[in-house]
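Sequence lines set the chain letters: A, B, ... in the order given, protein chains first and strands last, and positions in each chain run from 1.
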Amino acid sequence: MEKAYEPHAIEQRWYQTWEQRGWFAPSGTGTPYCIMIPPPNVTGSLHMGHAFQDTLMDALIRYHRMRGDNTLWQAGTDHAGIATQMVVERQLAGAGQSRHDLGREAFIKKVWEWKGESGGTITRQLRRMGSSLDWTRERFTMDEGLSESVKEVFVRLHEEGLIYRGKRLVNWDPVLHTAVSDLEVIAQEEQGHLWHIRYPLVDGEGSLIVATTRPETMLGDAAVAVHPGDERYRHLIGQLVKLPLTGRRIPVIADEYVDPAFGTGCVKITPAHDFNDYQVWLRHRDSTALLAVPENGLINLFTIDAKIIASDNAPLASLIPPQYQNLDRFEARKRIVADLENANLLVKTDPHKMMVPHGDRSGAVIEPYLTDQWYVKVGPLAEPAIKAVEDGRIKFVPENWSKTYFEWMRNIEDWCISRQIWWGHRIPAWYDADGNIYVARSEAEVRSKHTLADSVVLTQDEDVLDTWFSSALWPFSTLGWPQQTPEIKALYPTNVLVTGFDIIFFWVARMIMMGLKFMGDVPFREVYIHGLVRDAHGQKMSKSKGNVLDPIDLIDGIDLETLVSKRTTGLMQPQMAKAIDKASRKEFPNGIPAHGTDALRFTFAALASTGRDIKFDLGRIEGYRNFCNKLWNAARYVLMNTEDQDCGVNGGELEVSIADRWIASRLQRTIDHVNTAIGHYRFDLAAQAIYEFTWNEYCDWYLELSKPVLQSADSSAAALRGTRHTLVSVLECLLRLTHPIMPFITEEIWQRIAPLAGVSGETIMHQPYPLADESRNDAAIETEMDWLMRFILGVRNIRGEMNISPGKPLPVLLQNGSAEDSARLERYALFLKTLARLESITWLDGAAAPESATALVGEMKLLIPMAGLIDKDAELARLTREIEKLGKDLDKCQTKLANSSYVERAPAEVVAQDRMRVTELRSAIERLDEQATRIRAL
RNA sequence: GGGUGCUUAGCUCAGUUGGUAGAGCGUCGCCUUUACACGGCGAAUGUCGGGGGUUCGAACCCCUCAGCACCCACCA
């Protein structure tokens, strides 16, 4: 083996082997265990969030596979409608073209081409992560089978009246020219204005003052509303006001919606451009007041670009003064405010903070816009979905996310599922010349179902479905639904969904609704919600901030110049490049060194504490790369001492030492911890247990303790066999324990270690996962070992504090030992001498002690003679520190015991423990005091 | 406006049913001891955000205040 661990040398090779041998596929036997990957965008690339999430899923999958479960990790990608279409449109724009220049068919062809080109990136990167996805079952949301599922679901929901088409206000993205759902709208606080505008009364001299943040929409006002109980305006209800700039007459109406305390208490009602106003309008549209208004008051002012309509594109434009026609909405706002001011109708302008809706993809200000769209009636689907979580058929981990889920589900609105884009599942609806709508799986089915003659011309709806519509079906569409496949029978419901909180609404909730509806059962039993991966300073990683880390760069390493150029090219705001350049150079002066996949995975696992966000610090991954190296070198040591030697697997007497028994006992406890931790999705605790056992127990103590046995000429063949046997068998087990988190290094080492441990098999992947064997917990041996360790630590402490070279053998004198101490000394002399580097061990009995530094092992006093070399002050300082520390503990204990109610009420064993402690502390302090006195007297 | 979290060592975080506050990184010493300098050995470091309560006992349970995040929401 190489002296240093080099991940590159092994990772690629092992992944290829695993995949080629078909080892990721379900075994076909055992308890089913299935996870669906949250399908990444097919044309995307792997970011830290994916890498984190996939590490956790792969750890679970490998864990269950090793436990003998019939394990499937379903692979696949998402077509990501808007996102993907935008990428391709941007490419076209680079060539000076728009999708409309190409036409629908050619454009879609282009997108498929792009998918073909870049579609392999993310799946390649998933492989780099070691993800044991079953690639033979890989699906794509727009492949044939999944498209079948989409159609089937649409048609069935439509038949039940749970999908309908309707004209109403939607969130309109004027840049993308499509409707988006409520979830795709991000409200951002912005500094705006509240304009107070005078609306003169038609009769008489008076006027009303209306406060608005959007003066440009006044061109489409249908009414002015006041609160019915508002004394100031009660007498004006039913009167008409003259709409400024147009002269159009609109009524004053009364509606509870108006808050008399806000603004002026008068609200302009623009039903075609404001969600609230639309609701008000619905209540009043049949009133004579509104019937008198053009279009019944529902006046659509905007084109799909959110420009004011003009006479050449809309009949309603006659209502709009020509000077505003064709203006962009924000242009129109400026113009209208100026004109109002000139006309003396602008009473005042107040600064006003408000939430402005933006499209999550385009960033454009979203416009409430009146269009025909398809909707899912969500209420009837939500009800059982709420219940499934309430009664525990689905459990959120951490549990409190269920509150977020309930909160949203209980206030859920109908879901707008149609999008006016081209890349996606075309809506299976057809129209005849009269505008009749037919929904079916195909045009042929429409014709046969409705007995339409071939002469009837049908055109399919132009729209496509929201991407999340097909994602919602993922847990069963990937298994072959609507066909009744064996996979569905075996693997649905899946076991756990691993995902981020940001898509609980987008995806998790909708999968639950659809799963219950079409499969009659929940899609997964648990939802593990992990946190967001942030940068080292807690900032969200984003291209625009220039703080993105690419998981592949952490694995392979990247030089500074490449990193900087990666971060500064293709920025939306190129002026940021300089700052990003500077910050990156400061943070990574030498670029990023290679760490390997296993170190990255271990880091993610170690950071994955209960659902909170994680700050990704390079220091952590470095530490875990070192851990890989540690494990690697431990294996080298083991191999050096066991290869071609008798490890006792073919029989022969085994003599085990205290160290052998101790490490076996510790291993059992570690196995127990790791299993418990994984069972609770506490990957951090699992990683920690593995780390501590490997480094602090196996390497620091056990390997060191094995050396005296292996190197001593006096060791019997049985003792050598025993130690070799423990060396290999503990390591072999540790590798299996660690494999789900670090698959590569464990496989590589295991291949060499397993035969020595008498274990055969093609791969560690299919070896049984270690289960704790309580009977091997050996409390007695741990107590013995504790004594041994304290002895050694005592000597080392003195050595360190007295600045004595680690290599210098020391004599040690002992006082005040018990019969047990001397028996132990007898038993463990070899270990003590080697690990503490002792020249000799001598009982002092009655004799006077020379000048020495001291340590205590229980009651026994350990003296290291300093023969004139003693640094009196240093030793005194050390003793004083120790005495003070013990003194503090003693005080605490004594105070507690002096409290009669404590002694009476606390459990007897707790009190007894404290009493014992007091005795121990007193005696220890006494001994240290003696020693301090002696030193002082020197 | 409603909701959910968080606050523990310089930094990043653990802390199981309340019972002696822990780890990693960093820092400071000593050391090239033949598994590993991506290392070994040793050391230092805390008013557990503030205040109050329950309890024999609180980092943990309750109340309250402060600060920081995030999510949802139609106040024009």
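- For CZ of A:R198, the number of neighbouring non-hydrogen atoms (other residues, nucleotides, ligands) closer than 6.0 Å is 12 at most.
- Straight-line distance between the C1' atoms of B:G18 and B:C70: roughly 30 Å, to the nearest whole Å.
- A:N626 has a side-chain polar atom (N or O) that falls below the 4.0 Å cut-off from OP1 or OP2 of B:G39.
- The side chain of A:D700 has B:G40 as its nearest neighbour among B:G40, B:C38, B:C74.
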Fill in the blank from the handout: Quick tally for nucleotides 28-33 of chain B: nucleotides whose base has a protein heavy atom under 4.0 Å get B, sugar-phosphate-only ones S, the rest -, giving -SSS-B
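- Of the possible donor and acceptor atoms, one in the side chain of A:R232 sits under 3.5 Å from a partner among the backbone N and O of A:P260.
- Using a 4.0 Å heavy-atom distance criterion, A:L793 is classed as a sugar-phosphate-only contact.
- The aromatic rings of A:F604 and A:F616 are tilted relative to each other, their planes meeting at an angle between 30° and 60°.
- Rounded to whole Å, the separation between the P atoms of B:A43 and B:G5 comes to 41 Å.
- In this model, the phosphate group of B:C25 is not approached by any side-chain N or O of A:R625 to a distance below 4.0 Å at OP1 or OP2.
- A:E704 comes within 4.0 angstrom of a base, heavy atoms only.
- Here B:A76 is the nucleotide among B:A69, B:A76, B:A35 with the atom lying nearest to any side-chain atom of A:T212.
- Of the candidates B:G19, B:G15, B:A37, B:A37 carries the atom nearest the A:K3 side chain, counting heavy atoms from C-beta on.
- Across the protein-nucleic acid pair, A:K707 atom NZ and B:G40 atom P stand 11 Å apart, rounded to whole Å.
- When each of A:I792 and A:A536 is assigned the nucleotide of RNA chain B bearing its nearest heavy atom, the one mapping closer to the 5' terminus is A:A536.
- For the pair A:S609 and B:C13, the criterion of a side-chain N or O lying under 4.0 Å from OP1 or OP2 is not met.
- The side chain of A:K403 has B:U4 as its nearest neighbour among B:G24, B:C38, B:U4.
- Checking B:A76, B:A43, B:G39 against every side-chain atom of A:E801, the shortest atom distance belongs to B:A43.
- For the C1' atom pair drawn from B:U34 and B:G39, the interatomic distance equals 14 Å after rounding to whole Å.
- Closest to the A:N400 side chain, of the nucleotides B:G5, B:G19, B:A14, is B:G5.
- Using a 4.0 Å heavy-atom criterion, one finds that A:R799 contacts no nucleic acid atom at all.
- A salt bridge between A:E748 and A:R752 is present, with a side-chain N of the basic residue lying under 4.0 Å from a carboxylate O of the acidic one.
- Look at A:K630 and you won't find any side-chain N or O under 4.0 angstrom from OP1 or OP2 of B:C36.
- Around CD of A:E622, the count of heavy atoms belonging to other residues, nucleotides or ligands within 6.0 Å exceeds 12.
- Looking at the side chain of A:F262, the nearest of the listed nucleotides B:U12, B:A35, B:C75 is B:C75.
- By the 30° and 60° cut-offs, the orientation of the rings of A:F262 relative to A:H352 is perpendicular.
- Judged by a 6.0 Å distance limit and a 45° cone about the ring axis, A:K707 is positioned over the six-membered ring of A:Y637.
- The listed nucleotides are B:C74, B:U12, B:A35; the one nearest the side chain of A:N276 is B:C74.
- Other residues, nucleotides and ligands contribute only 12 or fewer heavy atoms inside 6.0 Å of the NE2 atom of A:H673.
- Partners of A:S805 under the side-chain hydrogen bond (donor to acceptor under 3.5 Å, both in side chains) rule, at least two apart in sequence or in another chain, do not exist in this structure.
- Residue A:E2 places its CD atom among 12 or fewer non-hydrogen atoms of other residues, nucleotides or ligands, all under 6.0 Å distant.
- Backbone-only contact: A:R682 has heavy atoms under 4.0 Å from sugar-phosphate atoms and none from a base.
- One finds no side-chain N or O of A:N411 lying less than 4.0 angstrom from the OP1 or OP2 phosphate oxygen of B:A73.
- For A:K892, no side-chain nitrogen or oxygen approaches OP1 or OP2 of B:G57 to under 4.0 Å.
- A tilted orientation is assigned to the rings of A:Y405 and A:F396, their planes being inclined by 30° to 60°.
- Residue A:R796 is in sugar-phosphate contact alone, with no base atom involved, counting any heavy-atom pair closer than 4.0 Å across all strands shown.
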Handout entry: Pairing pattern in dot-bracket form [Watson-Crick, G-U; both distances under 3.5 Å; | = partner strand] for RNA chain B
Key = (((((((..((((.....[..)))).(((((.......))))).....(((((..]....))))))))))))....
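- Contacts of A:D617 with the nucleic acid, taken as non-hydrogen atoms under 4.0 Å apart, are absent.
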